[in-house]
Amino acid sequence: ALITAGSAVCAQDLSTFLAAPPAPGAWASYRIETSWPGRTKRERFNLAVTGSEEIDGQPRLWIEAWPTDFARYKGGVMRLLLKASPSSEEALNPFLQASALAYQEPCQEAFKLSSGALSFMHGQAKNIKVDQKKTDMAPESATSTKGVTFECSRVQISTTTESNLFGRSIKMTETGVYWFSDRTPFRLVKAQIERVQVQKGKEDRRRTITVTLREGAATGASSQFSKPVTREKGLLGLLFN
C-alpha cells in the first residue's frame with residue numbers, strides 16, 4: 001500500500017515525531033525495540049529537518065526519516081515536504097498534507113512522486129481515520145541510551161487508527177505512556193506502547209514497543225540525498241518498475 005509506514009517507522013507512528021516539527025537543521029536518532037512472544041527486534045530510526053520552503057505564503061519543512069518502507073520499497077530514506085504548523089488532523093496523518101514525497105532505497109536511484117501519484121496518496125490518506133485521546137500524568141525524568149537524563153512531562157496517549165486501503169480494512173489500537181522534553185528537537189525522549197492490530201474483525205498482531213532517544217541536536221542535520229531528485233514515478237511506476 002502507498003501509505004506503508006514500515007520497518008522502524010511501523011514501531012512508532014510518524015506523527016508522534018512531527019506534531020510540532022523543529023526548525024531546519026534539527027536531527028535525532030532513536031532506538032526502537034519491538035517485542036512479541038519469543039522475539040525482540042531492535043532497530044535504529046533517524047529523523048532530520050533538512051530545509052524549508054514557502055508555498056502559497058505558508059512555511060513548509062523538508063523532513064527526512066529512515067529506515068522506512070514505502071509501496072514495495074524497503075529500508076530506504078523518505079523525504080516529505082510538510083507544513084511547519086500543521087492542524088491537529090494533519091499532524092496525526094502527515095501523508096494527508098505532504099506537498100512532495102521523495103524516496104531512495106539503499107544503493108538505488110532516488111525518485112519523487114508525480115503530481116498524479118501524490119494526489120492519489122492524498123485521496124487514500126483520507127480513508128485513514130485517527131482518533132486520539134491524551135491524559136496528563138505526573139512529570140518524570142527519562143534517560144537516553146547515551147545516559148543523558150531529561151526532566152519530562154508525561155502523557156498517556158490512546159490512539160485508534162482505522163483504514164480501508166484497496167479494500168483492506170485494518171484497525172490499529174495503541175495505548176502508551178510518552179515522555180516529552182523541549183530539550184530535544186522532536187520532543188520525544190521515551191515511549192512505552194502496546195499495539196494491537198485487527199483485520200477482518202480478528203486480532204492478528206500484538207506488539208510491545210519501546211522507543212528511546214539515542215541522541216539529537218538543533219543544528220547539523222544533513223540530507224541523505226546527495227543530489228537533487230529528478231526521476232519521477234507515477235502509480236504504475238511505483239507498482240511495476
Side-chain angles (χ1 to χ4, degrees), residues 1-18 21-32 34 41-53 55 59-84 86 90 93-125 128 165-166 185-186 188 211 214-217 219-241:
L2 282 177
I3 318 300
T4 300
S7 187
V9 183
C10 264
Q12 177 62 36
D13 184 5
L14 192 61
S15 67
T16 299
F17 301 99
L18 302 180
W27 63 273
S29 67
Y30 289 85
R31 183 182 69 193
I32 300 181
T34 306
K41 179 172 65 174
R42 179 178 290 182
E43 298 173 292
R44 181 171 174 172
F45 178 54
N46 306 283
L47 289 160
V49 184
T50 58
S52 62
E53 290 189 20
I55 298 178
R60 292 182 177 254
L61 300 171
W62 282 108
I63 296 173
E64 297 181 17
W66 72 97
T68 62
D69 295 352
F70 180 69
R72 61 181 183 82
Y73 305 96
K74 304 289 185 181
V77 183
M78 184 181 295
R79 188 175 191 235
L80 295 162
L81 184 59
L82 301 175
K83 292 180 180 178
E90 291 166 341
N93 189 353
F95 294 102
L96 188 65
Q97 50 104 354
S99 298
L101 187 153
Y103 188 84
Q104 183 171 19
E105 275 189 307
C107 304
Q108 300 295 321
E109 183 181 0
F111 65 86
K112 60 183 177 181
L113 293 191
S114 68
S115 59
L118 195 64
S119 294
F120 181 80
M121 185 184 74
H122 291 156
Q124 291 297 307
I128 300 175
L165 302 176
F166 308 103
F186 293 88
L188 185 68
V211 183
R214 296 183 75 257
E215 57 187 339
T219 60
S222 59
S223 177
Q224 300 298 297
F225 293 81
S226 58
K227 58 184 179 180
V229 180
T230 57
R231 184 186 183 196
E232 192 172 81
K233 284 196 175 188
L235 288 177
L236 292 179
L238 286 173
L239 294 173
F240 301 114
N241 289 345

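None of these values were measured; they are calculated from a predicted model.
- For the pair F95/L118, no side-chain contact is recorded, criterion being any heavy-atom separation below 4.5 Å from C-beta on.
- Between atom CZ of residue F17 and atom CG of residue L188 there is a gap of 5.5 Å, rounded to the nearest 0.5 Å.
- Residues passing the side chain to side chain contact (heavy atoms under 4.5 Å, CB included) test with A48, sequence neighbours excluded: W27, T50, W66, A221.
- Checked against salt bridge (charged side-chain N to carboxylate O under 4.0 Å, His left out), E90 has the following partners two or more places apart in sequence or in another chain: K83.
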Inset, instruction - In sequence, state the C-alpha distance, the side-chain angles, and the governing distance for L18 and I63, and then conclude on side chain to side chain contact (heavy atoms under 4.5 Å, CB included). - result: CA-CA 9 Å; L18 302 180; I63 296 173; 3.7 Å; yes

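- Applying the side chain to side chain donor-acceptor pair (under 3.5 Å) rule to Q224 yields no partners; only residues at least two apart in sequence or on another chain are considered.
- For F111 and Y73, the ring centers sit closer than 6.0 Å to each other.
- Between E53 and L81 the shortest heavy-atom distance is OE1-CD2, 4.1 Å.
- Note that CG of L82 is 11.0 Å distant from OG of S15, once rounded to the nearest 0.5 Å.
- Residues passing the side chain to side chain contact (heavy atoms under 4.5 Å, CB included) test with P22, sequence neighbours excluded: A26, V49, P185, F186.
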Legend entry - L80 vs W62, side chain to side chain contact (heavy atoms under 4.5 Å, CB included): CA-CA, chis, key distance, verdict: CA-CA 6 Å; L80 295 162; W62 282 108; over 6 Å; no

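- Using a 4.5 Å heavy-atom threshold, the side chains of Y30 and E43 count as separate.
- Of all the heavy atoms in L47 and A65, the pair that sits closest is CD2-CB, 3.8 Å.
- Using a 4.5 Å heavy-atom threshold, the side chains of P86 and P21 count as touching.
- In this structure, OG1 in T34 is found 6.0 Å from NZ in K41, a value given to the nearest 0.5 Å.
- Looking only at side-chain heavy atoms (C-beta outward), L101 and M121 come within less than 4.5 Å of each other.
- Applying the side chain to side chain donor-acceptor pair (under 3.5 Å) definition to pairs two or more places apart or across chains, those involving residues 97-106 are R60-S99.
- A search for side chain to side chain donor-acceptor pair (under 3.5 Å) contacts involving S29 returns R214, not counting sequence neighbours.
- The shortest distance between side-chain heavy atoms of R42 and R31 falls below 4.5 Å.
- Every residue two or more places apart in sequence or in another chain that forms a side chain to side chain contact (heavy atoms under 4.5 Å, CB included) with S114 is listed here: A117, E232.
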